[in-house]
Every structure is written in C-alpha cells, then in structure tokens.
Amino acid sequence: MCNLYISYQTSVIMVLLQFLKRGKGMESIAVWQTGTLCGLISWIAIASYLNVTQKLRSLIQPWVTHHVLTGTPFIIQIQNYQHGLLDALFSGLSCVVSVPFYTAFLPLLFWTGHGKLARQMTLLMAFCDYLGNCIKDVVSAPRPSCPPIRRVTATKDEEENAMEYGFPSSHTLNTVCLSGYLLHYVLSYSQLEDGPLKLVGVFLVCLLVGLIGFGRIYLGMHSLIDIIGGLALGLVILSFWLTIHEYIDNFIVSGQNVTTFWSALSVVLLFAYPTPEFPTPSFEFHTAFNGVALGIVTGVQQTFHQFHHEGVPRIFTPQLSTPSFLGRMLVGIPTILLVKFCSKVLAKWILPIVSNTLGIPIRSTTYIPALTKASNGTKPKKPEELKQAGTLQRLFFFSNQDTFDVDTGIRFLQYAGLAWSVVDLVPTLFTNLSL
C-alpha cells in the first residue's frame, strides 16, 4: 500500500471541485462521494497487489540514502560551531512548530472567534501530516548517523521524532505550509494593499522556514536532502491548498453527507497508509491527526451557524474581552482533556466488543493488556480459525494482516472525540456560561 496515489487523488479532487462549483444536487453529491471512496479502495487493492510501495522504495531509497551519507561532513561542519544558546534556540523553535504545539494552539484559535482560520489550518495540518509521513514510510530513508554527528533531542517529542525516517523533514514541510497559509489569511483578512508590508510578511515567513531548516540540520535530526525535500513538498502542498481551500470549507460548512463521507474517507485513509520497512511512530501520528480532522469536520458541520460563522465575537473586541477569553481557557482546556480521557476509555471498552461481534481478529500493542499478552503469545493461529474469522474480515482483501491492531481505532476515536469537543461541546459550555 502506497501513498503515491497523490497524483491520482489530485485529479479526483479537481473533478469533485467542479461538482461543488456547479452546485449539483443530492444525486451528483452522492455520485462523486461514492466514486471517490471506490476509487481510493480500488487504488489500495491495486497498489497492494502490485507491491507499489516496495518498488518505489527500491528506486528512491538508495538515492536518498546516498545523499544522507555524503551530507554527513556538511552536518559535522555546522556542528563545529555548537553552543548551548544555539542548542536552546533551535530546540525551542522545533517545539514551536511541532505537531503537539499545533494540537494545543488550534483549540485556542477556535475559541478566539477565528473559526475559518482554525479549521483550515487543522485540515491543512492533517493533510501535511498524512502526505509527509506517507512519503517518509514509503522511502524509509535513514536519518544522519549518530555518531559521528551529534543529535540533540531536548524533549520526549523530539525523541519520538528521531525514531521516524528522515525524508522529507516534517518540521520544514509543516512550517512552509502553515506559516504560508497564515500569511495568506492575514493578507486576505486585512485586505492589505501596502506592498512593503507584504514583503515584510514574506520575509518573516522565509526567515522562519530558513531557521527551522537550518536548526534541524544543526540538531542532527536531518540531512540537507531532507530539508530540500520538505521545502519542495511544502511549496507544492501549499500551492495546491490555496487552490482548493475555499471549496473544502464550503463543503464542510454547507455540504451534504459531510459527516458520513468524511468518516468513510478517514477509515479508508487508515488502510491506504503505506507499510514502512521497519515500524515507526509515523502511523500513530497520522492516526491521531486523522481523528482530529474527523472530529473538527463533524463538529463544525453540526454547529456552524451557532458557533463558527463569520459573525461570532472575536478576541480583543467588546464582545470577547481578554478576561472572557481567559475564562474560556479555564473552562475549555480541562473539558477537552476530560473528553480525551473518556473517549479513550469508551473506545477501549467498545471496540473489542464490536470486533468480536463482527468476527474481526484483533490485537493490542499497548492499550489493552489482555490483548497485548495474546498478541505476544507463541502459539500460532490454526488455519481453520482464520477461516472462521468472519465475512467482514475477508472483505479486507487489501490487507496482509491476520489480525488488526485495535490501538489504531482507539487512538483514532480518542482524538476524534477531543476535536469534536473543541468545536461543539466546549462552545456550548461557553454559551451557557456567558463566556
């Protein structure tokens, strides 16, 4: 299973945009939504049957690995100027543009009244995370070898990042896309016509991207080829997103079958994710943000006219003063953390029951100790036991697994619940508390 259905997806999306633009009725909507899902499922089956991931890896991995190895002296030369202040500066910048930071920052953006910016950046982040991690695991190229280079991992998040493959640099990719989109939004929202100020904005974005890219090399996390790959892919994704973002937003806030379609799409994307050469945390990161995107889309679609339209109060206005916003944070943050915990507990209880009812054999890597012990057992399954696994499992013809990791579903539902609470439950509490 492979991610280079990107070009295929692009052509499909452009066709879908034509349907949206022309305002087709329910019949046309059902046709393009069904066609999209069927097309993706067909591609998964074909890519799996033809071993597309392995073939692409055999072509690309040696080339990238060669550049990683030959780029080692360049990294060492940069690290000769190491200093504690530089370590702190670049480690701090890496945290500021990391996925955990955006996960914490985006809810606050929703609660300031900038709903359109918040949902667009959330979906763009999910898109970047999916494509970037897919390419990482398709190529499966190593990071710079340590030693001889010095790798600085100041946080647990950085330690997990170091376990992923290197090409392309996710930090560079995300910085290009999100800072670029933020600049586009600010210029469009303010309708700024002053050329020098626009140049200042572009300069600041370029400076941030440059510092992030250089910092990833200085910290020993990436080679130059990784940074170039992240920069190139980021520019392509940003250009594509600026073409489609208005269509996507219109579909989310006023489309038909939005929740059903996005739920099915999210599940299909989980199966469409490529298998890396060796396991990495990349799939877990994608699963979490895939769930976040579903929760945001579902919540916004249901409550757009109540909480997320363009006329809602915004921060630093009489309708939403600073004390009121602080009150929102004091109420909202504990609430979403509680929902995240409860979602995880419910998913751990419900998913095994549903799986057993449907005859889907499951295992657990971490979350459910009983299933973890079973999956680590040495006794293999008998052929007749596999034959009795159930009709639904046999429909997953594109999977080579005998069992499915229930942790994926738990993580997906956990983050979907968290994101839904950000845009639906918490704004309801704000209304009831007059915040």
Side-chain angles (χ1 to χ4, degrees), residues 3 5-6 9-10 12-13 16 36-37 40 97-107 109-110 115-137 161 164 168 170-182 185 230 233-234 236-238 240-249 251-253 255 258-259 261-274 281-301 308 336 340 343 408-409 411-423:
N3 98 306
Y5 58 86
I6 297 173
Q9 275 186 304
T10 302
V12 171
I13 290 174
L16 305 186
T36 301
L37 297 175
L40 289 174
V97 297
S98 64
V99 171
F101 171 80
Y102 286 117
T103 305
F105 169 72
L106 291 172
L109 197 57
F110 274 105
K116 182 176 181 178
L117 174 62
R119 59 181 176 265
Q120 282 294 311
M121 291 190 69
T122 302
L123 295 179
L124 177 56
M125 184 72 186
F127 192 46
C128 292
D129 183 69
Y130 185 74
L131 292 185
N133 285 337
C134 276
I135 294 177
K136 278 180 185 286
D137 285 350
N161 288 336
E164 296 182 295
S170 296
H171 280 72
T172 306
L173 166 62
N174 294 340
T175 304
V176 169
C177 289
L178 296 177
S179 62
Y181 185 81
L182 179 60
Y185 178 85
L233 183 60
V236 170
I237 292 176
L238 178 60
F240 178 66
W241 192 261
L242 291 177
T243 303
I244 69 169
H245 71 113
E246 290 291 350
Y247 298 105
I248 297 294
D249 199 63
F251 172 65
I252 291 172
V253 302
V258 176
T259 300
F261 170 73
W262 208 282
S263 299
L265 178 64
S266 299
V267 173
V268 171
L269 290 179
L270 290 175
F271 283 98
Y273 194 87
S282 295
F283 179 67
E284 298 177 6
F285 297 154
H286 152 65
T287 301
F289 236 93
N290 192 1
V292 168
L294 175 62
I296 293 297
V297 169
T298 301
V300 168
Q301 210 275 332
H308 303 291
I336 65 175
K340 179 183 176 183
S343 299
T408 298
R411 187 176 297 108
F412 177 75
L413 293 178
Q414 175 187 14
Y415 281 90
L418 180 149
W420 166 81
S421 68
V422 167
V423 296

Donor-acceptor pairs under 3.5 Å, side chain of residues 117-125 to any protein atom, not counting sequence neighbours: which ones?
| from | atom 1 | to | atom 2 | distance (Å) |
| --- | --- | --- | --- | --- |
| Arg119 | NE | Asp249 | OD1 | 2.5 |
| Arg119 | NH1 | Gly115 | O | 3.4 |
| Arg119 | NH2 | Asp249 | OD2 | 3.2 |
| Gln120 | OE1 | Trp241 | NE1 | 3.0 |
| Gln120 | NE2 | His245 | O | 3.3 |
| Gln120 | NE2 | Asp249 | OD1 | 3.4 |
| Thr122 | OG1 | Ala118 | O | 2.7 |

Do Asp129 and Ser170 touch side chain to side chain, with heavy atoms closer than 4.5 Å? no
Return the set of residues passing side-chain contact (heavy atoms from CB on, under 4.5 Å) with Leu242 (not counting sequence neighbours), or none when no residue passes. Tyr181, His184, Leu238
Which heavy atom in Thr172 sits nearest to a heavy atom in Gly230, and how many Å separate them? CG2-C, 4.0 Å
Partners passing side-chain hydrogen bond (donor to acceptor under 3.5 Å, both in side chains) against Ser282 (at least two apart in sequence or in another chain): Glu164, Thr280
Does any non-hydrogen side-chain atom of Pro168 lie less than 4.5 Å from one of Ile135? yes
Closest heavy-atom pair, Tyr130 versus Tyr273, reported as atoms and distance to 0.1 Å, is OH-N, 3.7 Å
Pair up each side-chain donor or acceptor in residues 283-297 with any protein partner under 3.5 Å, not counting sequence neighbours, and list the distances.
| from | atom 1 | to | atom 2 | distance (Å) |
| --- | --- | --- | --- | --- |
| Thr287 | OG1 | Phe283 | O | 2.8 |
| Asn290 | OD1 | Ser266 | OG | 3.4 |
| Asn290 | ND2 | Ser266 | O | 3.0 |

Separation between CD1 of Ile237 and CG of Leu173, rounded to the nearest 0.5 Å: 4.5 Å
Ser343 and Leu418: side-chain contact (heavy atoms from CB on, under 4.5 Å), yes or no, with the steps? CA-CA 8 Å; Ser343 299; Leu418 180 149; over 6 Å; no
In short, Gly255 meets Gln301 closest at the heavy-atom pair O-NE2, 3.6 Å
Residue pairs passing the salt bridge (Lys or Arg N to Asp or Glu O under 4.0 Å) test where at least one lies in residues 170-182, sequence neighbours excluded: none
side-chain contact (heavy atoms from CB on, under 4.5 Å) partners of Thr175, counting only residues at least two apart: Val97, Ser179, Leu208, Val209, Ile212
For Ser421 and Ile336 the tightest heavy-atom approach is OG-CG2, 3.3 Å
Could you pull out the closest heavy-atom pair between Val300 and Val423, with the gap in Å? N-CG2, 3.8 Å
How far apart are the closest heavy atoms of Cys177 and Gly234, and which atoms are they? SG-O, 3.3 Å
